[in-house]
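In this text the structure is predicted, and so the values were computed from the model without any measurement. Because only heavy atoms are used, hydrogens play no part in the values below, and waters and symmetry mates are left out as well, while side chains stay in.
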Amino acid sequence: MMTTNTALTYDTSPGFFARAEAWLDARGKAAWIAAMVLGFIVFWPVGLALLAYMIWGKGMFAGSCRKTARSPIHMTQSSGNMAFDAYRNETIRRLEDEQQKFQAFLKRLRDAKDKAEFDAFMDERDRKAAAKTDITPDAPQA
């Protein structure tokens, strides 16, 4: 008795969309965003479809748009070791103080930069006004 192999052969190579997805994934979020913008330029439903796929299909923005706040309950739970709990609480307090000081430093730095830019603007404006009055011809004298 002779049997013939009638097994179907399927093409296991990835299709166009799978290759395009892999190519975009290899290049990161910027490539996905560029593809979406080009899709909107070429034909707006393509851009909209890419945007929807990026948000819901890829989970691209999962976790990056919402803040991950630490639970205050978790921070105050005892580990069972009094020395470690005291060390942890002191370290957390110290880090919070450092964070507040750093944020205050950044605010002072931004304020100083803003003041310097404003002073430069005012100086330039005064120079332009002075140059304009020097160019204006005086009234004819009789």
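Scanning for side chain to side chain contact (heavy atoms under 4.5 Å, CB included) contacts around Ala20 gives an empty result, with sequence neighbours left out. Asp123 is linked by a side chain to side chain donor-acceptor pair (under 3.5 Å) to nothing, counting only residues two or more places apart in sequence or in another chain. Among residues two or more places apart in sequence or in another chain, the side chain to side chain donor-acceptor pair (under 3.5 Å) test is passed with Glu90 by Arg93. Not a single salt bridge (charged side-chain N to carboxylate O under 4.0 Å, His left out) links Asp114 to another residue, sequence neighbours left out. Judged as a side chain to side chain donor-acceptor pair (under 3.5 Å), and not counting sequence neighbours, Asn81 has no contacts. In terms of the side chain to side chain contact (heavy atoms under 4.5 Å, CB included) criterion, residue partners of Gln99 (sequence neighbours excluded) are, by chain and number, Gln103. Shown here are the salt bridge (charged side-chain N to carboxylate O under 4.0 Å, His left out) partners of Glu98, two or more places apart in sequence or in another chain: Arg94. Residues that satisfy the side chain to side chain donor-acceptor pair (under 3.5 Å) test with Lys113, not counting sequence neighbours, are absent from this structure. Qualifying salt bridge (charged side-chain N to carboxylate O under 4.0 Å, His left out) partners for Asp126, counting only residues two or more places apart in sequence or in other chains: none.
Contact detail for Ser79 and Phe84: the closest heavy-atom pair is OG-CD2, 3.4 Å. Heavy-atom minimum distance, Ser78 versus Asp85: OG-OD2, 2.8 Å.
Note that the NZ atom of Lys132 and the NZ atom of Lys128 stand 11.0 Å from one another [nearest 0.5 Å]. To the nearest 0.5 angstrom, Phe43 atom CZ is 15.5 Å from Leu38 atom CG.
Residues Tyr53 and Leu48 are members of one and the same hydrophobic cluster, defined by side-chain heavy-atom contacts under 4.5 angstrom among Ile, Leu, Val, Met, Phe, Trp and Tyr. A continuous path of Ile, Leu, Val, Met, Phe, Trp and Tyr side chains, each step under 4.5 Å between heavy atoms, connects Trp44 with Leu50, placing both in one hydrophobic cluster.
A salt bridge between Lys115 and Asp119 is present, with a side-chain N of the basic residue lying under 4.0 Å from a carboxylate O of the acidic one.
Under a 4.5 Å side-chain heavy-atom criterion applied to ILVMFWY residues, the cluster that includes Phe102 comprises Phe105, Leu106, Leu109 as well. Met122 belongs to a hydrophobic cluster whose remaining members, ordered by chain and number, are Phe118, Phe121; membership requires side-chain heavy atoms of ILVMFWY residues under 4.5 Å apart, directly or through intermediates.
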* Asked: Between Met36 and Trp32, does a side chain to side chain contact (heavy atoms under 4.5 Å, CB included) hold up when you go through it step by step?
  -> CA-CA 6 Å; Met36 179 192 61; Trp32 279 100; over 6 Å; no
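Residue pairs that meet the salt bridge (charged side-chain N to carboxylate O under 4.0 Å, His left out) test with at least one member in residues 103-112, sequence neighbours left out, are Lys107-Asp111.
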